[in-house]
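Worksheet for the structure shown next.
The chains referred to below are lettered A, B, ... by the order of the sequence lines, with proteins before strands, and numbering in each begins at 1.
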6 protein chains.
Amino acid sequence: MTEITRVDGRTPGEMRPVTIERGWSAQAEGSALISFGNTKVLCTASFTPGVPRWLMGKGTGWVTAEYSMLPRSTNERMQRESVRGKIGGRTHEISRLIGRSLRAIIDTKALGENTVVIDCDVLQADGGTRTASITGAYVALADAVEWARANGHIARNAKPLIDTVAAVSVGIVDGTPVSDLNYIEDSGAETDMNVVVTGAGDFVEVQGTAEGTPFNRAELNSLLDLALVSTSELAALQQGALAG
Amino acid sequence: MTEITRVDGRTPGEMRPVTIERGWSAQAEGSALISFGNTKVLCTASFTPGVPRWLMGKGTGWVTAEYSMLPRSTNERMQRESVRGKIGGRTHEISRLIGRSLRAIIDTKALGENTVVIDCDVLQADGGTRTASITGAYVALADAVEWARANGHIARNAKPLIDTVAAVSVGIVDGTPVSDLNYIEDSGAETDMNVVVTGAGDFVEVQGTAEGTPFNRAELNSLLDLALVSTSELAALQQGALAG
Amino acid sequence: MTEITRVDGRTPGEMRPVTIERGWSAQAEGSALISFGNTKVLCTASFTPGVPRWLMGKGTGWVTAEYSMLPRSTNERMQRESVRGKIGGRTHEISRLIGRSLRAIIDTKALGENTVVIDCDVLQADGGTRTASITGAYVALADAVEWARANGHIARNAKPLIDTVAAVSVGIVDGTPVSDLNYIEDSGAETDMNVVVTGAGDFVEVQGTAEGTPFNRAELNSLLDLALVSTSELAALQQGALAG
Amino acid sequence: MTEITRVDGRTPGEMRPVTIERGWSAQAEGSALISFGNTKVLCTASFTPGVPRWLMGKGTGWVTAEYSMLPRSTNERMQRESVRGKIGGRTHEISRLIGRSLRAIIDTKALGENTVVIDCDVLQADGGTRTASITGAYVALADAVEWARANGHIARNAKPLIDTVAAVSVGIVDGTPVSDLNYIEDSGAETDMNVVVTGAGDFVEVQGTAEGTPFNRAELNSLLDLALVSTSELAALQQGALAG
Amino acid sequence: MTEITRVDGRTPGEMRPVTIERGWSAQAEGSALISFGNTKVLCTASFTPGVPRWLMGKGTGWVTAEYSMLPRSTNERMQRESVRGKIGGRTHEISRLIGRSLRAIIDTKALGENTVVIDCDVLQADGGTRTASITGAYVALADAVEWARANGHIARNAKPLIDTVAAVSVGIVDGTPVSDLNYIEDSGAETDMNVVVTGAGDFVEVQGTAEGTPFNRAELNSLLDLALVSTSELAALQQGALAG
Amino acid sequence: MTEITRVDGRTPGEMRPVTIERGWSAQAEGSALISFGNTKVLCTASFTPGVPRWLMGKGTGWVTAEYSMLPRSTNERMQRESVRGKIGGRTHEISRLIGRSLRAIIDTKALGENTVVIDCDVLQADGGTRTASITGAYVALADAVEWARANGHIARNAKPLIDTVAAVSVGIVDGTPVSDLNYIEDSGAETDMNVVVTGAGDFVEVQGTAEGTPFNRAELNSLLDLALVSTSELAALQQGALAG
């Protein structure tokens, strides 16, 4: 295939510049300000001893997540969900996705009866906010686990993190499979797929949606190929941030 | 692979008995009471001329869906969402999935400025309620479109339905990929995937989630193979019901 | 008075065909799908050991009820109360009426510290949904009590049910008192009265409302006469269903 | 039957002292502060030209009512419904009852396309708040209608009020039918009935509930007898207040 | 400055007639119906042994307040906050102000582990509802404390009330600083200031707001001068009411 | 007075380091990320042509504000208001304060029928979030006005901004009046006062609250002295940021 030029000049498999500002928050036990191009998400991890009532006495911990967008993170201002008095379906969906993605790489037994709440607040949105959230949340979570170890909440040799996790959106734009869609690409994509992958290269979530024409098996395979490459790049960036 | 026996004696690729009672409701423009084994969903399609304000004057119609479970459709009674005063994330997620699945096979131009609201109310739940909902909703939708044609709301030769659509859940249970999980299987599955497929065999949605161990590419492929077989069986049953 | 013919050909005191499908639900401890003509209500009784906090330690049980209509149970689709985020006055009123009616024939001491929640979900509505709900709920409740006895939650010789209970709507349509109004009759009735009666023929509730012209004592008496006849017919049908 | 003495020394058919302070509010188009003994309700009638959207252009007016209790109108402080974020079933029920009672004596054609909202706020509660509300609301409504006539919103010769309306609670206490139950009597009553009666002596609402033992026809008749006497006394007091 | 005549003929520093009807409620432990001209507020104090969970075992009591307006206390009817399903910002603000003002003169240690809830319900509004509320609430609170002493909930020699508290609104109207603005004055004021002052003449709250032109230091000082005079007059009236 | 050392080594009148990062957001018409020490607030100004319905056709614009805190902006994670389903009193109070402060320096006629919505989202909180919000919001507002001028929404020579505005918190800590309290100082302050001042040195808001002992006139005057100095420093920083 000849290389097409994407709206911002990238090649099909090329992600936008990704930066991870680890430890952005002075208050949270773990935090990261992550950017996928113009998409910026502040991820914090709040560690607290104890678990919700329904888990008490079972010897396992709990990791959950909440996602939200600032009202003017988008090009047109959105009404706050607190003002509307209810949380929309999209917000619920993404919060649940982030939570599941992180729980997939957590050994809750090793975490002990402790809770980590991940908050992903989108400060600026340009496509890929859920995948940036998952990728940044992992860094915040890893630091919160280290904090808990340093402060004696989990044992020195406990290993609650059994792998790393990162996510990317891939999609078919003008007939070509591309990685890490920005807002303009996302709006016009025929198919949009969010893929959450462990450091070991296994799938945690595959969520593909035909926005226009349904997609066939070959297209699905091309998208998964791209996703595996991009998430391995993200895993390297996460490692770099945590080593820094 | 030697045939294992599933908890209810089925082979891995075998669906539970599926029945579609078309026209169950005396009031709705289209309706179907669908059963996947003990899972029973009442699907109604309400056709109304006109579209929501944000679509007016664009010459296109609108199809949307709402999913809900009766409080005692489950083994333990659940609190009503009307009593809680808010709709949970899972309900939102499934309502949106059903709506997207149906819109994928609707030509909204051909529908004209008309709205179809699909209601999927789970009367009894035993796993697979969202896939049964999509499959039954298609039948209700098809009848509502016929009703609209018969009553002059859409043109005689308009073809709003460009394909059929059906859905099945597949998953890995005890290491084996199986189709149409019941509640017990679903609770213990390592991976759970909901696949929405058109009559032409293309994908509308692929939503795979690792509940326990992440899954690899080979497992993903086995699950998709099963899903394509089961959804083609469902397409035949839909055709039969609509021909009846 | 010469017999007038009602809109569906019934005589003034004649109820619509009533059917009671006992044990419709595979999950609930007691259940009945009841029809008064085209009105169909699914009644389930959920038995759980224990009582709400405010009753603990008093040695008495609790019976409560929730009523709801499916959005397309009516001729025009109604918005779901879960979507509106609040329960309407009519729903509250009917839920409370059903609960009071059942508590009137329950000996809560004999029930012990156990709770029964009755859910009445209207699948199709054509007038009389609250009276059908009460009548069907009694059957579901009776089966839940039997289940509790069989499962050792209440003593073998305890008699929590001290009577049966059934309900009918009566009203004045075109000047004539009639029984079991369907939707068309109900819409045009001058007076509408819901009467809840025990198997012994005593009143639990009498709720008469002048929709148009106020009614006099003679009219009130005619309506009560009709109600007593119809509820004794319903009591016989309940007995038949429970004997089946 | 020998006359028993009630808890506050009244005879069975005797109401508590009733006072109607007409025109209590300086702001409302009509108002009355009504007392049934220690029960005090502030009733205001707000007249506004125009009707809700669903009535526009039909040439008829609208009368509706809202009932509420101050948090410390009762012996133990209740939580405000505004703080709970939702209106309870009892409040809904009573608001609807007041509205229906007033609409029964209003000729909405003669009212023209105008709206009257009645607010009944219970300042102090000692049983019978709903019946005091209806009785006081009539006075407020009558004054609002006069105000509208004086201010040219309805024609000089229009007669929107076709009768008067008043209400009383009656019940069986210790086996004896009594009128106008106070809180202590109400708490211990076997049967409680609210009866709304026009000036002409016809029934608008009859709502009888067995709190304990179901009631028979003879008891029902005794209660209605008492209610007709008491409501005729109330009608005289209303007339007096409006003449004042 | 020559004396200007205010809209109702008062001099700049003159308050409207203030009346305090102590013990208005037969149910509350303390109560007062206070009027500042046409503004009428019913203040009740509900004393209950015990404190909220977060204060338990700390040996200190709790005083809190809730403010609300009847829907037709104003010239145009307002929607109830219970009907809107949420409490507005203004209501929250005033409830919090009243609570803080009373807590400033309460020794919560001397109150012991007891709670007083103050309810200020505006029956009629003509400006100054929050300052009338604070002034009346003090009287209700003082009586509730006496009630608690008389009923053995606090020790004979405990002195939970360390001072008195009263409040007045002052503002600049047509360039002149005036005290106790009525609704018309308040609507047109350039600056509006609510001042809460103890019996000893110290400030509890100073809340000045420029509605139009910002105000300078000299204007601020004139307003405080007026407020100190008016609140000392109110303190005398409170003393009189409590002595009565 | 000898100089005491504050908890972070500042002199009584010394503010924390203040930084204003103008134009932080790529999407909003105006924006600023402002820091008062560790307090960081993202302020965005969203300009839209048109006004709310109640202002249409009056020839004036509208400026409003919404304040919110990220859940982990604080030392202990707070529940989101969107999750609680309602906005708390403190949030309402601060949103209203910010809005009033900005409207005091806006000529809404010169703004024309346009709306500016200011969002102040606290990313990190260490005391003074409302005063930082007002100070940063002014910069965002000024840029949004410039954007509107550059894009032809307001006339070249229109001057909607008639002054600048900034705010600081002052208070009495351990008996000493100090400026710009951080969280620790704020928690222990006897008196806390938020002062909003125009560039011309006039007051827009003065909100003083005795948290412990009531304050006297001399203390009030000392606090105002400090506030005027600090807000003039802030005005210079705003000017610098806007000149940058």
Side-chain angles (χ1 to χ4, degrees), chain B residues 21 23-33 35 37-48 64-88 91-92 95 115-126 137 140 144 182-183, chain C residues 23-33 35 37-49 64-88 91-92 95 115-126 137 140 144 182-183:
Chain B
E21 197 175 331
W24 191 90
S25 160
Q27 320 251 33
E29 285 74 37
S31 66
L33 178 62
S35 305
N38 281 327
T39 290
K40 299 184 187 182
V41 184
L42 177 54
C43 308
T44 59
S46 298
F47 185 100
T48 41
T64 186
E66 291 184 8
Y67 166 96
S68 186
M69 299 179 83
L70 290 200
R72 194 55 201 276
S73 59
T74 44
N75 204 40
E76 306 222 346
R77 185 178 185 273
M78 301 181 308
Q79 196 183 20
R80 288 173 193 270
E81 293 184 321
S82 60
V83 170
R84 291 180 56 214
K86 56 181 175 185
I87 294 178
T91 299
H92 270 308
S95 294
T115 296
V116 184
V117 179
I118 303 290
D119 286 290
C120 295
D121 286 90
V122 179
L123 305 186
Q124 198 163 278
D126 185 28
N182 65 21
Y183 180 71
Chain C
W24 192 90
S25 160
Q27 320 252 32
E29 285 74 37
S31 67
L33 179 62
S35 306
N38 282 326
T39 289
K40 298 184 189 182
V41 185
L42 177 54
C43 308
T44 59
S46 299
F47 185 100
T48 42
T64 187
E66 291 184 6
Y67 166 95
S68 186
M69 299 180 83
L70 291 200
R72 193 57 201 277
S73 60
T74 44
N75 204 39
E76 305 222 346
R77 185 178 184 275
M78 303 181 305
Q79 195 183 20
R80 289 173 192 269
E81 292 184 320
S82 59
V83 169
R84 292 180 55 217
K86 55 182 174 184
I87 294 177
T91 298
H92 269 307
S95 293
T115 298
V116 184
V117 180
I118 304 291
D119 287 290
C120 295
D121 286 273
V122 178
L123 306 187
Q124 199 163 276
D126 184 28
N182 65 21
Y183 180 72

With chain B as the partner, which of [options] has the greatest number of non-hydrogen pairs under 4.5 Å?
{"options": "C:Ser82, C:Gly85, C:Ala26, C:Ser31", "answer": "C:Ser82"}
{"options": "C:Thr48, C:Val83, C:Ile87, C:Asp119", "answer": "C:Asp119"}
{"options": "C:Glu81, C:Arg72, C:Gln124", "answer": "C:Arg72"}

- For the residue pair C:Thr44 and B:Arg77, establish whether any side-chain heavy-atom pair is separated by less than 4.5 Å.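 When only atoms from C-beta onward are counted, B:Arg77 and C:Thr44 do not touch, as no gap falls below 4.5 Å.
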- Message: Quick one, C:Leu70 and B:Ser68 - any side-chain contact, counting heavy atoms below 4.5 Å?
- Response: no
- For C:Thr74, side-chain contact (heavy atoms from CB on, under 4.5 Å) partners two or more places apart: C:Met69, C:Met78, C:Ala125
- Looking only at heavy atoms, which two atoms of C:Pro71 and B:Asp121 are closest? And how far apart? CD-OD1, 4.0 Å
Can you tell me which portion of [X] sits under 4.5 Å from chain C's heavy atoms? Options are side chain, backbone, both or neither.
{"X": "B:Glu76", "result": "neither"}
{"X": "B:Ser25", "result": "both"}
{"X": "B:Ser73", "result": "backbone"}

- Query: Out of curiosity, B:Gln27 CD to C:Tyr183 OH, how far, rounded to the nearest 0.5 Å?
  - Reply: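 Between B:Gln27 CD and C:Tyr183 OH, I get 9.5 Å after rounding to 0.5 Å.
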- chain C: which of B:Asp126, B:Leu42, B:Asn38, B:Leu123 shares the most heavy-atom pairs with it under 4.5 Å?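 Ranked by heavy-atom pairs under 4.5 Å with chain C, first place is B:Leu123.
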